[in-house]
Amino acid sequence: MADFFSRMDDAKYNQFIDDIISKKPLTDDMIREMLSITDRDSLKKMSDAAVFVKNQYFGNSIYLYSFVYFSTYCKNQCSFCYYNSKNKIDRYRVTPEELRRMCEELKDEGVHMIDLTMGEDPHFHDAPEKLLEFVRTAKEITGLPVMVSPGVVDNDFIKALAAEGADFFALYQETYQKELYGKLRIGQSFEERIQARSSAKVAGICIEDGILTGFSKMKLSSGEPINPSVSDDIESAIVSIRGMQEADPDQVRVMTFEPQPGTPLAETAQASDLMELKVISILRFVFPDRLIPASLDVAGIPGMVDRLNAGANVVTSIISADSKLEGVVNFDRDVSLNERKRDAKSVIEKLHEMGLERGSQESFESYLNRNKTI
Ligand code: SF4
């Protein structure tokens with residue numbers, strides 16, 4: 001049977017793209033059909049359409065975020081995460097002085113934003129001033145916008161982050177299927193997570209949400225599928241895309257679940273990144289004028305290229321060549337630091353090879369400020 005794109009003639013294909021650019025919504029059936037595509041030519045048509053839509057809103061400009069994972073301590077036990085509190089791993093917490101030194105090094109690297117990320121570390125959660133100081137330091141030293149990813153924090157904490165000048169608040173739901181959420185983010189409230197993002201939006205901070213794919217392969221160490229009743233990645237993606245739409249996020253991401261050593265899901269077979277690439281294109285169709293990241297954390301520069309070719313327009317998880325800090329997934333955990341090639345210079349070189357360019361700081365900041373009235 002002909003699939004969604006192979007049954008379109010050129011006129012219908014162009015009409016589809018025009019409809020997306022004019023923000024005509026996709027139905028669930030359209031998304032389901034597109035996520036079911038396996039034919040190579042049709043996949044290419046889908047990703048080409050996504051890049052065309054991206055170009056209408058952002059041209060050839062790509063934005064770069066520097067990733068500063070400043071504390072790998074966490075009180076939570078997310079079943080998919082290497083840094084969950086039960087995993088017996090070496091952890092670190094950057095000191096204020098270390099952060100200052102890192103910001104001095106980062107300020108001229110060519111990134112557009114500093115992403116300050118941590119696990120839900122009580123050292124910062126119980127003393128918001130310590131995190132506010134980090135935001136202040138990063139902004140003052142680099143002069144760049146700051147994204148903060150502190151986990152779920154209350155409204156007063158968020159207001160204080162806004163007052164300190166935090167520009168972006170990143171908090172990933174991972175899935176909008178509640179039953180599956182309960183098995184991934186063990187013991188954490190589904191609603192409080194949504195509420196934290198909406199508090200950030202009300203406080204005037206841009207928000208990022210994110211989801212995972214690769215659930216159909218997820219298995220607990222017992223061999224049991226993590227969620228047999230909703231194991232279908234396609235239906236999961238549809239529910240989660242609709243869930244993300246509710247809060248009108250400024251940035252949306254999808255990442256393939258990667259089994260992490262020492263976690264309850266360690267024995268899961270790694271899913272291919274095909275579903276992630278399809279979801280990136282769908283995200284571009286559903287959120288045509290929003291930022292969509294290509295993370296270096298999953299498959300490095302080759303993975304970045306695939307994701308930009310699927311419609312992404314931001315490169316995240318950029319780490320300086322000499323950084324000792326971690327990524328979140330760390331496909332390259334075993335690779336020596338100077339071979340990681342996750343630095344801004346390597347990324348910009350590859351962008352040029354692809355005919356893309358580093359966007360201007362001014363255009364990036366005007367995106368961040370597009371909804372501000374003053
Ligand atoms: S995903 Fe975040 S909150 Fe969950 S265990 Fe990992 S660091 Fe902690």
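The figures that follow rest on heavy atoms only: side chains count, while hydrogens, waters and symmetry mates do not. Numbering of ligands and ligand atoms starts at 1, following listing order.
Remark: Arg370 pairs with Asp250 by the salt bridge (Lys or Arg N to Asp or Glu O under 4.0 Å) rule, at least two apart or across chains.
Near atom 6 (Fe) of ligand 1, less than 2.8 Å away, sit the protein N, O or S atoms Cys81 SG.
If you look at Phe124 and Phe157, their ring centroids are not closer than 6.0 Å. Between Tyr367 and Tyr63, a ring centre-to-centre spacing not shorter than 6.0 Å is recorded.
Screening Leu308, Asn313, Asp289, Ile292 for a side-chain contact (heavy atoms from CB on, under 4.5 Å) involving Lys54 leaves a single residue, Asn313.
Within the listing of ligand 1, atoms 1 (S), 3 (S), 4 (Fe) sit less than 4.0 angstrom from a heavy atom of Arg185.
Between Arg307 and Glu276, at least one side-chain nitrogen of the basic residue sits less than 4.0 Å from a carboxylate oxygen of the acidic one, meeting the salt-bridge criterion.
Distance CD/Glu246 to CG/Asp209: 11.0 Å, rounded to 0.5 Å.
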